[in-house]
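For reference, the structure is listed below as structure tokens.
Whatever order the structure lists them in is the order used to number ligands and atoms, beginning at 1.
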Amino acid sequence: MPSYKAPIDDVRFLLNDVFHIDRYSNLPGFADASEDVIAAILTEAGKFCEEVLAPLNRVGDTEGCTRNADSSVTTPKGFKDAFAKIVEGGWIGISAPTEYGGAGLPMILTQLVNEFLSSSNLAFAMYPGLTQGAIAALIAHGSEDQKKLYLPKMIAGHWTGTMNLTEPHCGTDLGLLRTKAAKQADGSYKITGTKIFISAGEHDLAENIIHLVLARIEGAPEGTKGISLFVVPKMLPKADGSAGARNALACGSLEEKMGIHGNATCVMNYDGATGWLLGEENRGLHAMFTMMNEARLAVGMQGLALSEVAYQNAVTYAKERLQGRALTGVKAKDKPADPIIVHPDVRRTLMTIKSFNEAARALVMWTSLQSDLAHRSPDDKQRQHADDHMGLLTPVIKGVLTDQGFANTVMAQQMFGGHGYIAEHGMEQFVRDARITMMYEGANGIQALDLVGRKLGRDGGRALQAFFAEVQGFAAEHGKDDTMKAYLEPLGKALGHLQAATMWFMQNALAKPDNAGAGSTDFMHLFGLVALGYMWARMAHAAREKLKAGANGSADLMNAKLVTGRFFMERMLPETGAQLARIQSGAASMMELPADAF
Ligand SMILES: Cc1cc2nc3c(=O)[nH]c(=O)nc-3n(C[C@H](O)[C@H](O)[C@H](O)COP(=O)(O)OP(=O)(O)OC[C@H]3O[C@@H](n4cnc5c(N)ncnc54)[C@H](O)[C@@H]3O)c2cc1C
């Protein structure tokens with residue numbers, strides 16, 4: 001059975017030495033996040049994930065969810081007790097506003113805890129995770145009454161949340177959406193339609209489920225301009241705020257699927273269900289994007305989370321499995337063969353995953369910190385800068401961390417040889433579970449189009465220019481330090497490729513949009529590599545500073561950081577040259593064949 005250990009030392013290095021969280025104590029909630037509080041949260045969350053959730057991961061996979069005759073859904077054995085512990089520990093609301101019962105702590109802590117949850121049991125983690133997304137949408141767009149009614153229950157975890165966008169004929173293209181909303185005399189709406197693939201749509205973990213549903217009000221314009229968002233509770237709240245009568249909605253069936261079996265993926269039927277408008281009429285997509293942006297960042301982190309747990313198990317196996325002898329001579333003289341970790345190709349695989357994971361964690365944390373700044377900073381300029389960063393980096397994090405996260409689970413599985421294909425070791429489950437992260441919350445091709453088509457040029461390219469300036473500023477500040485050359489020179493080259501690709505789009509894609517579409521996935525990955533490379537430069541600098549200051553017991557970890565960063569620069573970053581070449585080749589050879597030639 002696979003195991004999991006929360007990467008607490010790495011997280012503390014990032015929080016304290018790379019991002020200096022203590023410098024933000026002027027922001028609401030940060031002063032309460034003292035080193036002791038953070039240590040207690042990480043330790044408790046880590047213990048819960050290692051001891052309770054990780055052992056349930058296989059149970060969830062083999063048992064799955066069951067739909068009963070009355071359309072209720074039973075989650076796998078142990079999920080209910082584990083969810084009760086989430087409620088008891090107040091984990092859903094650690095960063096939620098205190099006025100509604102949250103702890104108000106920085107968002108960055110929620111993201112860290114969510115990484116641990118997702119590594120140990122992705123299918124389970126989606127229940128609280130979707131609730132956090134729905135909470136964010138209610139905070140941003142709900143009326144005061146809606147906030148008072150729903151937020152305390154959801155933040156406590158007594159009620160959970162879902163997002164309902166997808167319909168059978170309508171996935172990426174939400175303009176095709178057909179679910180109807182008919183206005184009633186009392187201001188409520190009757191919602192009628194079928195949604196598919198709704199995660200956590202029905203379950204037995206909480207007393208109520210609050211569905212956020214996209215629908216078209218009768219008479220609203222066609223396309224995306226006529227879509228509104230509704231709060232549609234499974235149990236209609238009574239005047240005193242408790243869960244009352246059953247609403248006219250039900251789980252019609254559960255999807256049979258490749259992975260995340262412990263999460264109920266539901267067909268949801270709304271048969272004139274009572275709902276209430278959330279935000280403004282016909283501005284539903286705008287409101288839903290609040291939830292989707294949070295969710296996209298969270299899904300990117302899921303890619304990292306599965307890469308991390310798969311890596312940990314691959315390392316354990318590589319140290320134990322004895323096959324062959326090292327090319328440089330026998331290493332384990334007392335054994336019939338050397339452990340496979342002596343072989344360079346095994347090292348290549350492990351270092352590829354390790355160097356990605358550590359930089360990806362830094363990138364998620366950097367961006368979560370920007371989310372805190374965007375919501376909590378008193379300074380308009382800082383809020384705008386942070387918001388720009390979030391807009392630009394969200395599709396990169398979602399697309400790159402899940403594409404590479406999945407690839408890493410396959411590489412980690414490969415470390416087990418044929419044993420990786422056998423269910424007993426749990427590696428094939430990581431591969432199956434990771435696959436969905438590339439598809440939901442907008443398939444990765446759509447993330448790439450969002451980046452190239454919408455985010456690059458927004459506000460005259462302000463966010464992109466700020467990103468370039470940040471990386472160049474760091475390089476200029478530390479460029480004279482010889483010990484940083486191994487990191488800054490490759491980073492400078494990769495940044496040059498990113499700038500050249502941006503320029504190429506400006507010159508070649510405005511008149512011929514197929515050129516933008518053809519290069520979008522390469523561009524997203526090129527951007528991702530530069531962002532991860534920048535994270536490595538910052539981590540290398542922080543590790544050097546820490547070593548200079550005596551390292552305080554963490555010299556091994558800091559030295560490992562320096563080597564791992566060098567590996568990333570030497571072995572991963574050069575890919576940006578190939579990506580640029582592919583982008584500059586344009587769309588011609590891709591688009592020339594007629595559809596019937598395929
Ligand atoms: C397990 C699971 C859980 C899910 N959970 C939820 C949930 O909780 N709530 C919810 O609302 N939905 C959920 N979904 C739905 C998911 O978000 C959609 O499947 C996803 O958005 C893609 O839509 P689609 O499947 O209709 O694919 P399509 O939109 O049909 O796309 C098919 C392919 O075409 C590509 N494509 C489409 N349009 C373009 C374009 N313009 N340019 C380039 N490429 C394009 C896509 O990238 C994709 O590769 C879930 C799905 C699954 C499988």
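- When the heavy-atom distances from atom 38 (N) of ligand 1 to T172, T265, I436 are ranked, the shortest goes to T172.
- Only the backbone of E441 comes within 4.0 Å of ligand 1, counting heavy atoms alone; no side-chain atom from C-beta on gets that close.
- Side-chain N/O atoms of Q146 and W276 include no donor and acceptor closer than 3.5 Å.
- Of all the atoms in ligand 1, the ones that sit under 4.0 Å from a non-hydrogen atom of M439 are 20 (C).
- A donor atom on one side chain and an acceptor atom on the other are found under 3.5 Å apart for T162 and H211.
- From the protein, the heavy atom lying nearest to atom 11 (O) of ligand 1 is L165 N, 2.8 Å.
- Summary of contacts: the protein heavy atom closest to atom 3 (C) of ligand 1 is S199 OG, 3.3 Å.
- The pair R582-E575 meets the salt-bridge criterion, since a charged nitrogen lies less than 4.0 angstrom from a carboxylate oxygen.
- With L212 as reference, L229 is the one residue of L130, L229, N164, L165 to meet the side chain to side chain contact (heavy atoms under 4.5 Å, CB included) rule.
- Shortest contact from atom 26 (O) of ligand 1 to any protein heavy atom: G171 CA, 3.1 Å.
- Under a cut-off of 6.0 angstrom, the local environment of NE2 in H375 is sparse, with at most 12 non-hydrogen atoms contributed by other residues, nucleotides or ligands.
- Given atom 15 (C) of ligand 1, the protein heavy atom at minimum distance is T166 OG1, 3.2 Å.
- Residue, atom and distance of the protein heavy atom nearest to atom 49 (O) of ligand 1 are A443 CB, 4.2 Å.
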Which pairs of donor and acceptor atoms, one on a side chain in residues 213-226, lie under 3.5 Å apart (sequence neighbours left out)?
| unit_1 | atom_1 | unit_2 | atom_2 | d |
| --- | --- | --- | --- | --- |
| R216 | NE | L177 | O | 3.2 |
| R216 | NH1 | P221 | O | 2.8 |
| R216 | NH1 | G223 | O | 2.8 |
| R216 | NH2 | G175 | O | 2.9 |
| R216 | NH2 | L177 | O | 3.1 |
| R216 | NH2 | G223 | O | 3.4 |

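- In terms of protein heavy-atom proximity, atom 6 (C) of ligand 1 is nearest to F197 O, 2.7 Å.
- Scanning the protein for heavy atoms near atom 35 (C) of ligand 1, the closest one is I446 CD1, 4.7 Å.
- A distance below 6.0 Å separates the ring centres of H203 and Y127.
- Protein heavy atoms are found less than 4.0 angstrom from atom 47 (O) of ligand 1.
- Under the 4.0 angstrom criterion, atom 32 (C) of ligand 1 counts as lacking any protein heavy-atom contact.
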Enumerate donor-acceptor pairs with a distance under 3.5 Å from any side-chain N or O in residues 589-598 to protein atoms, sequence neighbours excluded.
none

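- Of the protein's non-hydrogen atoms, L449 CD1, 4.2 Å is the one closest to atom 41 (N) of ligand 1.
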